[in-house]
Amino acid sequence: MDRNEELRQWFALSEQNLQVAKHLIKTMHPTPDETICNNCQQSVEKYLKGYLFFNNVVFDKIHNLSQLLAKCIAVDADFKIYARQCTFLSKYAVMPRYPNNLQISYDDAVSSIRFADDIKKFVLSKVVLSHNPTQNVKPQ
């Protein structure tokens with residue numbers, strides 16, 4: 001697989017996580033807030049990893065968004081504006097998938113979707129696909 005296709009796959013998987021979260025919040029009542037937050041965390045994780053991949057930055061197989069964000073900041077300091085959002089979303093990487101004491105609310109789910117959408121748009125604004133340097137990857 002060429003690099004351009006691999007980058008597209010990072011972002012397609014990211015988008016899939018985000019769309020699942022948006023679908024669940026609209027269609028399930030009561031809302032599965034843990035699952036929504038986890039999908040948003042997964043979406044942002046893949047967007048950040050896609051950005052790092054695009055910039056040839058090696059990254060570990062981690063779920064900690066703050067650590068991934070630090071690597072993004074090393075490439076582009078503009079990423080600093082997402083530190084709070086990444087800290088918020090990081091706690092949803094693993095714990096919601098198992099019995100836990102997290103008190104996740106509908107408001108947390110709404111915030112998670114908003115944060116994931118914001119980070120998605122920001123990352124995609126920074127990435128240009130190599131097969132056509134004049135065409136950015138457009139957010140949906």
Check each of Asn39, Asp118, Asn17, Leu89 against Val44 using the side chain to side chain contact (heavy atoms under 4.5 Å, CB included) test, and report the only one that passes.
-> Leu89

Answer yes or no: is there a side-chain heavy-atom contact under 4.5 Å between Tyr92 and Cys40?
-> no

Rounded distance [0.5 Å steps], CG in Leu18 versus CD1 in Ile36 = 11.5 Å

Between Arg3 (side chain) and Phe53 (backbone), is there a donor-acceptor pair under 3.5 Å?
-> yes

Going by atom types only, do Ser105 and Asp108 share a side-chain donor-acceptor pair under 3.5 Å?
-> yes

Is there a chain of hydrophobic side chains (I, L, V, M, F, W, Y, each step under 4.5 Å between heavy atoms) that links Leu13 to Leu7?
-> no

Which side-chain N or O atoms in residues 65-75 pair as donor and acceptor under 3.5 Å with protein atoms at least two apart or in another chain?
residue	atom	partner	partner atom	Å
Ser66	OG	Thr87	OG1	3.4
Lys71	NZ	Val58	O	3.2

If Ile, Leu, Val, Met, Phe, Trp and Tyr residues are connected whenever their side-chain heavy atoms lie under 4.5 Å apart, and connections chain through other members, are Phe88 and Tyr106 in the same group?
-> no

Is the shortest side-chain N to carboxylate O distance from Lys120 to Glu15 below 4.0 Å?
-> yes

Side-chain donor/acceptor of Ser14 to backbone N/O of Tyr47, under 3.5 Å | yes

Check whether any side-chain heavy atom of Gln42 sits under 4.5 Å from a side-chain heavy atom of Glu45, and report yes or no.
-> yes

Excluding sequence neighbours, so at least two apart, what forms ring-ring contact (aromatic ring centres under 6.0 Å, His included) with Phe122?
-> Phe79, Tyr82

Backbone N or O of Asp78 within a donor-acceptor pair of the Asp76 side chain at under 3.5 Å?
-> yes

Could you tell me whether Glu6 atom CD has more than 12 heavy atoms of other residues or ligands within 6.0 Å of it?
-> yes

If we ignore angles and hydrogens, is there a donor and acceptor under 3.5 Å between the side chains of Thr31 and Asp33?
-> yes

ILVMFWY network linking Ile81 to Leu124, side-chain heavy atoms under 4.5 angstrom | yes

Look at the side-chain heavy atoms of Ile, Leu, Val, Met, Phe, Trp and Tyr, link any pair under 4.5 Å apart, and say whether Leu48 and Phe11 land in one connected group.
-> yes

Give the minimum heavy-atom separation between Lys22 and Ile25, together with the two atoms involved.
-> O-CG2, 3.3 Å

To the nearest 0.5 Å, tell me how far Gln19 CD sits from Ile113 CD1.
-> 9.5 Å

What class does the angle between the rings of Tyr51 and Phe54 fall in, given that below 30° is parallel, 30 to 60° is tilted and above 60° is perpendicular?
-> tilted

Does a donor on one side chain sit under 3.5 Å from an acceptor on the other, for Gln41 and His63?
-> no

Are Phe115 and Val123 co-members of a hydrophobic cluster defined by side-chain heavy atoms under 4.5 Å apart?
-> yes

